[in-house]
2 protein chains.
Amino acid sequence: MGTISKALELLNYFTKARPLIGLSDLARLAELNKATCFRLLTELADNGFVEQIGTSREYRLGPSVLRLAALREAQVPTREAAMPVLQVLAQQTGETAHLSLLIADILRPLAHAYSAAHATKVMLEDTEALPFHATSSGLAVLAFQPEAFRNRILAQPLPRLTTSTETVPAALRACINEVRALGYAESRGGYESDVHSMAVPLFDALGRCSGALAVAALGSRMGEAQRRKIRHALLQAGTEITTLWGGTLPADIATLWRLAA
Amino acid sequence: MGTISKALELLNYFTKARPLIGLSDLARLAELNKATCFRLLTELADNGFVEQIGTSREYRLGPSVLRLAALREAQVPTREAAMPVLQVLAQQTGETAHLSLLIADILRPLAHAYSAAHATKVMLEDTEALPFHATSSGLAVLAFQPEAFRNRILAQPLPRLTTSTETVPAALRACINEVRALGYAESRGGYESDVHSMAVPLFDALGRCSGALAVAALGSRMGEAQRRKIRHALLQAGTEITTLWGGTLPADIATLWRLAA
DNA sequence: GCTTTCGGTTTGTTATTTGAACCGATGGTT
DNA sequence: AACCATCGGTTCAAATAACAAACCGAAAGC
């Protein structure tokens, strides 16, 4: 791995749950030599990608990312365009809606919207990456990636997160085929035991699946009527976001979604 | 300069006016060998900081920056917090308000708001960096930096952008002293000949000046009454944003602003 | 006051980065 | 159709920057 990747990877250790990291900590997390980590950090800091917080000497993400993100959104309004649709989706279904993006082989939540309908809801403030094998979003994305990508993911260790987590590659491939046949994915407690979720893939302008849109509900609220409602809202919102992104649904998905709607 | 800085600097060449850049172009812009540039770009692409646009093979900013920016805003709500204040400022003054951040020794516009009051307004869609010596924002920031920083900037070439641009370091130092004495900066056509602007410095939680807030007006509309109005609105908005940032105004500035308000 | 850990620095060794030349493909010009 | 320039991308010896371990002084815990 090159130096640049190492430096950029450092940025990934900053999370909502852990916004400040000290040099030694970060070196340990990234499994780097302290001197190396220091050099990487100072160079990142020189460019405004991290900054040091006065007294404690810890590091946090810097202001450079703001400018770049504003630029990216201006050119490809990803988050901004999806946000209102996400909110409507949460409100329509009464559950938590969230959108994830496939970035460098990792599926990362980018935005979410909560519903006020229930006192209990699925929270995902601190989720940093969604496991492909254990979430509906993961399966939805996996189903529409090149075979090589799927193989790479399924060859990795697939941790059993709950008693319901499917961890057998062959079984997961069967799930994935089903996702392709249905046009959406479903997970019943595969990630957290009492969370039931449904997801649809999202496509970019080149027809590649670049993310997923999901609704995560408490398992106890997930009756057949609710599933139908969620599926319907999800397919509609998925179409909408893909359109807003200037994306194109693969013909078969477009057909499936139209029939189900 | 290290490899990381070279790579991160590549990201700076993407602008609103130039969102897509080809390999050879970028290599020329950054004055890098094409092979080097290619390696940097692929590593950036591996991490989602740039991506290649299908057919044309040009590069653009990638989705990674979105995630990082969302994280940064969650911890330090810079842009989001300032935006509404900026809009009010534009509306109150009837002119263009903009906010810039000091990032790695460069003053970069981060957000702006236009007023609907006049058919003619100052646009700054494509501005990527504000020269310190020729803009009110630049002078406002410069006035509250460590002496070493000022020296560094004033030792660089100071291009004459208009006939009104002040380019003599000694004269600029006098201007800067005046800015410190007044608590705000002013530029009359130093950047663009028919644009007159006023700016105040913004401070972070450690009392360091980390940016500037400015109102840019057409010179023809800048009478004494308008100047007073802008100054008043600017000082108020500057106080507000600094507060929202959890920042602290230096005691002397706080006094100056209170007296002028 | 002892020990650990912190952020940061120094050093010689090592491995990565670099840049000129080179590809095949593409697209305009004559 | 022959030509030429330029594109994105690749190769490989030479140069340079990254690396790990040991070391600092300062602060914190005990």
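Letters go in sequence order (proteins before strands), and every chain restarts at 1.
The salt bridge (charged side-chain N to carboxylate O under 4.0 Å, His left out) analysis of residues 38-48 of chain B, with sequence neighbours excluded, yields no pairs.
For D:dG9, one of the phosphate oxygens OP1 or OP2 lies less than 4.0 angstrom from a side-chain nitrogen or oxygen of B:Q52. At the phosphate of D:dC7, neither OP1 nor OP2 sits under 4.0 Å from any side-chain N or O atom of B:Y59. Within the 4.0 Å cut-off from OP1 or OP2 of C:dG7, at least one side-chain nitrogen or oxygen of A:S24 is found.
Partners of A:K34 by salt bridge (Lys or Arg N to Asp or Glu O under 4.0 Å), not counting sequence neighbours: none found. Among residues two or more places apart in sequence or in another chain, the side-chain contact (heavy atoms from CB on, under 4.5 Å) test is passed with A:E240 by A:V85, A:Q236.
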Which parts of nucleotides 10-20 of chain D does protein reach within less than 4.0 Å, heavy atoms only, written one letter per nucleotide 5' to 3' as B for base, S for sugar-phosphate only and - for none?
BB-----SSSB
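Residues A:L244 and A:E80 form no side-chain contact, since every pair of their non-hydrogen atoms from C-beta on lies 4.5 Å or further apart.
Looking only at atom types and distance, the side chain of A:T242 has no donor-acceptor partner in the side chain of A:T239 under 3.5 Å away.
Taking atom CG of residue B:L41 and atom C1' of nucleotide C:dT18, one finds them 15 Å apart after rounding to whole Å.
Annotation: the terminal axes of the helix from C:dG1-D:dC30 to C:dT30-D:dA1 meet at 40°, where each axis is the rotation carrying the C1' atoms of four end pairs onto the next four (5 pairs per end, rounded to 10°).
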Please tabulate, for the side chains in residues 59-67 of chain B, all donor-acceptor contacts under 3.5 angstrom to protein atoms that are two or more places apart in sequence or on a different chain.
from, atom 1, to, atom 2, distance (Å)
B:R60, NE, B:E51, OE2, 2.7
B:R60, NH2, B:E51, OE2, 2.8
B:S64, OG, B:N47, O, 2.6
B:S64, OG, B:G48, O, 3.4
B:R67, NH1, A:E128, OE1, 2.9
B:R67, NH2, A:N12, OD1, 3.2

